[in-house]
Visitor: 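For reference, the structure I am asking about is given below.
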Amino acid sequence: MTQTPTAHTPAQGQSRAHFTVPANHPMVTVLGSGDALLRVIEKAFPAADIHVRGNDIRAVGDAHEVALIQRLFDEMMLVLRTGQPMTEDAVERSIAMLKADEAGEGDGPETPAEVLTQNILSSRGRTIRPKTLNQKRYVDAIDKHTIVFGIGPAGTGKTYLAMAKAVQALQSKQVNRIILTRPAVEAGERLGFLPGTLYEKIDPYLRPLYDALHDMLDPDSIPRLMAAGTIEVAPLAYMRGRAMPTFTNVLTPSGWRPIGGLEVGDLVIGSNGEPTPVLGVYPQGEKDIYRLSAQDGSWTLCCGEHLWTVRTASDRRRNKPWRVLETQDMIGNLRAAHARRYELPLLTAPVCFPEREVPIDPYALGLLLGDGCISAKNQTPSFTTADPELILGLEAALPGIKVRSRGGYDYLINRAPTPSDGTGSVLTHPLKQALRSLDLLGTRSCSKFVPDDYLYNSAAVRLAVLQGLLDTDGGPVTQSDRTCRVQYTTTSILLRDDVIALVQSLGGVAYTKRRYAEGRPQGTALGKHKRDAHIIEIRLPEGIEPFRLARKRDKYHAAGGGGRPMRFIDSIEPAGREEAVCIQVAAEDSLYVTQDYLLTHNTLNDAFIILDEAQNTSAEQMKMFLTRLGFDSKIVITGDVTQVDLPGGTKSGLRQVQHILEGLDDVHFSRLTSSDVVRHKLVGRIVDAYEKYDDSQQKQQQSQQSQQRRKHGK
């Protein structure tokens, strides 16, 4: 549109503009059916007269308004040239953008044409695109940032546009799956009392997400995509982890339990050794299963999509964070030259089992399992050692007994003499009674074991048992220019496995090998070897003392301690098909302890995740959700902070997170207003009315408080 003077010169302060619509554009596309678009323009610019004759449009009037009309028709033609029709709503929004820019309220270079022609997704004969400047900036922020918060009133397209971007990312293979979630807070604690199955109970709270999906995808494809896990719609508390066979053991405060037997609310052990609740349990049907083995002999079963926190030697050297990979992503890539590529995390602290009462001091039990003779039920227990320090430790730890030398290195463990009670009754040997209660009395060196009451006890009890075992049948092994190893030997397979479990539960690693009896040389004093020996190489984390015996402890520390325990993935092999289940845990790092004290993950990689109605998350839920972010994933969180439905006293996670994450790199907050409402025009006016009312109420409350303070001040 070009401004041209005519014979009829406009009055002072006025301007004239002339615009010719190209012949290939019917005037109805510019003016609207029945001149509806023209009437919108005339209403918006009352200080200008607009005249139409043929393909010519002329405007005369206030210079400021004529200039805006000129820009408006230029923008409309840019939109029309793309083949997109102009609507009354689009014209109104274009006018609002131009006026805001003219008034200096705009804060960017975007023009109405750029906003209205940005296509996000085309599906089923319609195209989804932003309709306002704030919506365009919201969509652009999703492209540029990993985490985006869309905050604004109802009807501003927050969730709908995020859904469109998610479908676009899936179709362009930027992500492998879409996860849509929202808190079912309206059901509260009454969810269990609603009729129907779990999914029937939660369906009403997820219905808006289903409806948006049906707008963007072929309805026939949605059930197939959901069955395959490509699209997941679930309430926040039921977001899925990854699958393991139902019989796979998971560590709980009471010991090992099959993952298939866990229920929501049960506790499992996290990477910090502390219990963490199970938030969701999801049967997955039959899946292809793999056996993942570490170089220390530990192993577990999982599906190909199961997640593992790992790092490479390069990651460690460069101090880069741990990465999260799927099982199938690591197959065929387990070696870097001749070294194992992927290191697995270990417990950051010993497992915290509840403390149990035990009949024998744990250190004394370790000594007896090592060098004690408790094989004869009808004989007095004995102990063999060349270290008087252990005899003193045994006597101090076992009340009611007396250790008596039989000559050399042999000692009897007698019941301490007590005054007669005058009845002539035979008093029970307290140690034999305790051993009998633990089913240990009568066990031989090849059948000894650590009772469960000690294996699943406090860290102090477990360490004391291990120290007793190592002070007798273990010891430090030093090598030139290397840290010290700890070695333990036993002929009992049960005791071998229990020692490994004790070490792993304290955050260490243990490697085992078998020394066969056949053909092994032996000193003449003991004769021929009868049983294979199991040798365990142990490395414990810094701060865990393996020995109490002074000579062993001093040698261990003189060699620089045990070094850093490490565990690497050795192999991943197919293991058939099994019924599988996945769980979600509340741990901040999403890790929990599975078979052989392996740490596995339930965070989400390569996913586009949308959390809707986020104002109804608690602060704890928001933190849990954000920390489940995996690699190559994107999160969009939407909500309206004026419509919080949380129980009284519960702080909204969406309100709190703005103070915590505002300004953080790669996190963006998009704030939409009533001018971005794309529903019925009345919705925007309702939002404005409520905001005006809330502001007046707040001012009134502040005024009353001020008056009260002045009154009390007098």
Side-chain angles (χ1 to χ4, degrees), residues 146 173-176 241-244 248 271 288-348 477 479-486 500 503-504 507-513 535-542 560-575 589-607 628-633:
T146 300
K173 301 190 184 304
Q174 296 175 38
V175 298
N176 294 330
R242 292 298 194 274
M244 307 182 86
T248 305
S271 65
D288 291 328
I289 299 299
Y290 295 85
R291 175 178 171 134
L292 182 144
S293 302
Q295 94 288 8
D296 63 348
S298 56
W299 62 274
T300 192
L301 299 174
C302 59
C303 72
E305 297 81 21
H306 198 76
L307 298 171
W308 296 91
T309 295
V310 297
R311 70 174 174 185
T312 65
S314 175
D315 294 338
R316 188 171 65 251
R317 284 194 305 270
R318 299 176 184 179
N319 200 29
K320 294 178 69 175
W322 293 76
R323 61 181 78 181
V324 180
L325 297 178
E326 292 186 358
T327 306
Q328 58 197 9
D329 292 337
M330 297 185 287
I331 296 174
N333 190 33
L334 297 177
R335 295 290 188 275
H338 298 293
R340 297 176 179 90
R341 184 183 299 274
Y342 297 115
E343 181 184 355
L344 292 166
L346 297 170
L347 288 165
T348 58
V477 177
Q479 293 175 278
S480 178
D481 300 324
R482 298 188 67 178
T483 53
C484 186
R485 292 179 293 123
V486 175
I500 291 173
V503 170
Q504 292 173 342
V509 294
Y511 306 77
T512 183
K513 60 183 178 181
I535 301 169
I536 306 171
E537 303 282 352
I538 296 169
R539 288 196 183 272
L540 290 165
E542 187 177 356
R564 184 174 72 89
M566 291 183 287
R567 177 183 265 173
F568 293 86
I569 296 177
D570 184 64
S571 64
I572 301 175
E573 299 171 342
D589 59 6
S590 301
L591 293 171
Y592 61 93
V593 179
T594 185
Q595 188 168 303
D596 286 339
Y597 288 87
L598 288 163
L599 288 172
T600 193
H601 211 283
N602 72 340
T603 245
L604 301 162
N605 282 0
D606 299 306
R628 290 197 69 203
L629 173 67
F631 290 93
D632 299 318
S633 291

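Since the structure is predicted, the reported quantities are computational estimates derived from the model, not experimental observations. Along the sequence shown, the residues carry numbers beginning at 1.
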Visitor: For the residue pair P345 and L591, what are the closest heavy atoms and their distance?
Guide: CG-CD1, 4.5 Å
Visitor: Among all residues two or more places apart in sequence or in another chain, which pass the side chain to side chain donor-acceptor pair (under 3.5 Å) test with T312?
Guide: D315
Visitor: To the nearest 0.5 Å, what is the distance between CG on L598 and OG on S298?
Guide: 4.0 Å
Visitor: Could you report the tightest heavy-atom contact between A575 and L301, atom names first, then the distance?
Guide: CB-CD2, 4.0 Å
Visitor: What distance do D288 atom CG and C302 atom SG have between them, rounded to the nearest 0.5 Å?
Guide: 11.5 Å
Visitor: For W299, is there any backbone N or O sitting under 3.5 Å from a side-chain donor or acceptor partner on D596?
Guide: yes
Visitor: Can R291 and E573 be counted as an ion pair, charged N to O under 4.0 angstrom?
Guide: no
Visitor: Are L599 and T309 close enough that some pair of their side-chain heavy atoms sits under 4.5 Å apart?
Guide: no
Visitor: Verify the distance criterion only: is there a donor paired with an acceptor across the side chains of W308 and T327 at less than 3.5 Å?
Guide: yes
Visitor: Could you state the interatomic distance from OG1 (T248) to NE2 (H306), rounded to the nearest 0.5 Å?
Guide: 8.5 Å
Visitor: Output all residues satisfying side chain to side chain donor-acceptor pair (under 3.5 Å) with R341, sequence neighbours left out; order by chain, then residue number.
Guide: N333
Visitor: Rounded to the nearest 0.5 Å, how far apart are OH of Y342 and CE of M330?
Guide: 7.0 Å
Visitor: Report yes if the side chains of R564 and M566 come closer than 4.5 Å at any heavy-atom pair, otherwise no.
Guide: yes
Visitor: Taking only residues two or more places apart in sequence or in another chain, which ones pass side chain to side chain contact (heavy atoms under 4.5 Å, CB included) with R335?
Guide: R340, D570
Visitor: With a 4.5 Å limit on heavy-atom distance, are the side chains of L344 and I569 in contact?
Guide: yes
Visitor: If you apply the rule side chain to side chain contact (heavy atoms under 4.5 Å, CB included), what do you find for V477 with V486, and how did you get there?
Guide: CA-CA 6 Å; V477 177; V486 175; over 6 Å; no
Visitor: As an exercise, state the distance from SG of C303 to CD of Q328, rounded to the nearest 0.5 Å.
Guide: 8.0 Å
Visitor: Hey, is E343 close enough to R316 for a salt bridge, meaning N to O under 4.0 Å?
Guide: yes
Visitor: For the residue pair G507 and L347, what are the closest heavy atoms and their distance?
Guide: CA-CB, 4.1 Å
Visitor: Say you draw a straight line from CD1 of I289 to OG1 of T300; how long is it, rounded to the nearest 0.5 Å?
Guide: 10.0 Å
Visitor: Give a yes-or-no answer on whether the side chains of Q295 and Y511 include a donor-acceptor pair shorter than 3.5 Å.
Guide: yes
Visitor: Just wondering, do V503 and V509 contact through their side chains at under 4.5 Å, heavy atoms?
Guide: no
Visitor: Do R567 and L346 come within less than 4.5 Å of each other through their side chains, counting heavy atoms only?
Guide: yes
